[in-house]
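Computed from a prediction, not measured in an experiment: that's the story for all the values here. Numbers here are sequence positions counted from 1.
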Amino acid sequence: MQQLIQDSRVFDAEKVGETLMDITPRLPWTGNFQDWPPWRPLVVETARRVLDCTGGTLVMPMTVLVEEYWREISAGLAEHAIPVRHFVLHADQDTLRGRIERDTVLGPSPFRLKYLEPYAEAARTWLHGEAEVVDTTHLTPAQAVLQTAEAVKS
């Protein structure tokens with residue numbers, strides 16, 4: 001994606017979560033670092049600071065399934081006049097399960113599998129209404145990237 005969008009950088013918001021996970025003594029574990037109150041404003045502040053330094057476009061791959069968390073992040077970005085194009089790379093449940101189970105990089109992930117139903121619920125109730133949905137069920141990763149990058153550039 002980054003190579004297809006001129007003057008863009010990738011900011012993986014999970015790295016903010018990983019940093020919080022490294023704090024000692026540890027923060028109280030909730031099962032997901034997105035539940036920690038500092039994560040969301042730190043994502044916004046990091047994005048703001050990076051854009052202040054570099055300009056351009058940030059590509060931020062992250063899955064946020066809790067509507068309240070998405071609202072907090074998107075409102076924080078809006079407060080700093082950071083435009084957002086929110087995409088959901090969708091696939092049906094069977095396709096998602098198969099992709100997770102056959103993942104040769106991360107391997108089958110119980111953590112990811114447990115989020116299949118929460119994703120389906122978020123998709124039904126709010127997520128798809130908040131985003132541009134790219135149905136990847138029958139797309140290769142390269143096709144999904146190209147389709148999303150073309151949408152950003154249009």
Side-chain angles (χ1 to χ4, degrees), residues 1-2 5 8-54 56-137 139 141 144-145 148-149 151-152:
M1 177 76 64
Q2 186 268 325
I5 301 172
S8 68
R9 307 182 149 61
V10 175
F11 166 40
D12 185 349
E14 285 195 8
K15 300 297 183 187
V16 173
E18 290 173 12
T19 298
L20 292 172
M21 290 173 73
D22 287 341
I23 291 173
T24 54
R26 291 187 173 269
L27 298 173
W29 186 238
T30 62
N32 188 323
F33 58 72
Q34 290 186 9
D35 296 328
W36 288 330
W39 180 76
R40 297 167 308 275
L42 285 171
V43 166
V44 170
E45 186 63 14
T46 303
R48 180 181 78 84
R49 295 290 180 150
V50 169
L51 288 170
D52 284 351
C53 178
T54 65
T57 299
L58 280 184
V59 176
M60 296 175 56
M62 67 174 143
T63 302
V64 179
L65 300 178
V66 177
E67 183 176 10
E68 174 187 344
Y69 298 173
W70 168 247
R71 299 244 177 264
E72 187 177 338
I73 291 168
S74 60
L77 295 170
E79 283 176 24
H80 297 293
I82 298 171
V84 173
R85 291 284 301 270
H86 180 196
F87 292 89
V88 170
L89 303 180
H90 172 78
D92 63 58
Q93 292 286 293
D94 290 338
T95 300
L96 285 173
R97 181 178 310 283
R99 288 176 180 171
I100 293 167
E101 290 172 348
R102 291 187 300 276
D103 188 325
T104 58
V105 176
L106 298 175
S109 167
F111 179 83
R112 289 165 59 204
L113 287 168
K114 83 177 189 177
Y115 284 95
L116 286 174
E117 184 49 41
Y119 167 72
E121 178 65 19
R124 275 191 301 273
T125 57
W126 70 273
L127 183 60
H128 284 194
E130 293 288 321
E132 298 172 57
V133 178
V134 177
D135 189 341
T136 69
T137 302
L139 298 179
V145 166
T148 307
V152 169

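- Between V66 and N32, the closest side-chain pair of non-hydrogen atoms is not below 4.5 Å.
- Counting only heavy atoms from C-beta outward, the side chains of M1 and V10 never approach each other to under 4.5 Å.
- With T46 contributing its side chain and V43 its backbone, the two residues share no donor-acceptor pair below 3.5 Å.
- Put simply, the side chain of E67 never gets that close to the backbone of A122: no donor and acceptor are under 3.5 Å apart.
- Between P108 and I100 there is no side-chain heavy-atom pair separated by less than 4.5 Å.
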**OP:** Carefully, step by step, assess F33 and V16 under the rule side chain to side chain contact (heavy atoms under 4.5 Å, CB included).
**Re:** CA-CA 9 Å; F33 58 72; V16 173; over 6 Å; no
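- Checked for salt-bridge contact, E18 and K15 meet the test: a charged N lies under 4.0 Å from a carboxylate O.
- With T136 as the fixed residue, the side-chain contact (heavy atoms from CB on, under 4.5 Å) test singles out one of T95, L96, V88, L89: L89.
- Nearest heavy-atom pair, G76 versus H80, reported as atom, atom and distance to 0.1 Å: O-CD2, 3.1 Å.
- Using a 30° and 60° split on the angle between ring planes, Y119 and H90 fall in the tilted class, from 30° to 60°.
- Here the closest non-hydrogen pair linking L51 and G56 is CD2-O, 3.5 Å.
- By the 4.5 Å heavy-atom criterion applied to side chains, V64 and Q34 are counted as neighbours.
- For the pair L42 and L20, the minimum side-chain heavy-atom distance is below 4.5 Å.
- No side-chain heavy atom of L139 sits under 4.5 Å from any side-chain heavy atom of T137.
- Between E117 and R124 there is a salt bridge, since a side-chain N of the basic residue sits under 4.0 Å from a carboxylate O of the acidic one.
- Counting only distance, with no hydrogens or angles, the side chain of W70 and the backbone of W126 share no donor-acceptor pair below 3.5 Å.
- For the pair I73 and R40, the tightest heavy-atom approach, listed with the atom from each and the gap, is CG1-CB, 3.9 Å.
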Subject >> side chain to side chain contact (heavy atoms under 4.5 Å, CB included) evaluation trace for L127 with H86 >> reply: CA-CA 10 Å; L127 183 60; H86 180 196; 3.9 Å; yes
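- Rounded to the nearest 0.5 angstrom, T19 OG1 and E14 CD are separated by 11.5 Å.
- The shortest heavy-atom contact between A149 and I5 is CB-CG1, 4.3 Å.
- Looking at W36, its side chain does come within 3.5 Å of a backbone N or O of P28 through a donor-acceptor pair.
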Subject >> Evaluation steps, side chain to side chain contact (heavy atoms under 4.5 Å, CB included), between L106 and R112 >> reply: CA-CA 10 Å; L106 298 175; R112 289 165 59 204; 3.4 Å; yes
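- For the residue pair P37 and E72, the shortest heavy atom distance occurs at O-OE2, 4.5 Å.
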Original post:
Going through the checks in order, is the side chain to side chain contact (heavy atoms under 4.5 Å, CB included) test met by F87 and V59?
Top reply: CA-CA 11 Å; F87 292 89; V59 176; over 6 Å; no
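- Formation of a donor-acceptor pair under 3.5 Å by the R97 side chain with backbone atoms of L113 is not found in this model.
- What you find for G31 and K114 is that their closest heavy atoms are O-NZ, 4.4 Å.
- Ion pair D52/R48 flagged as a salt bridge, since at least one NZ, NE, NH1 or NH2 atom sits closer than 4.0 Å to an Asp/Glu carboxylate oxygen.
- Between R85 and T148 there is no side-chain heavy-atom pair separated by less than 4.5 Å.
- Screening residues 96-116 for ring-ring contact (aromatic ring centres under 6.0 Å, His included) gives F111-Y115 as the qualifying pairs, with residues at least two apart or on separate chains.
- In this structure a side-chain-to-backbone donor-acceptor pair under 3.5 Å is missing from S8 to T57.
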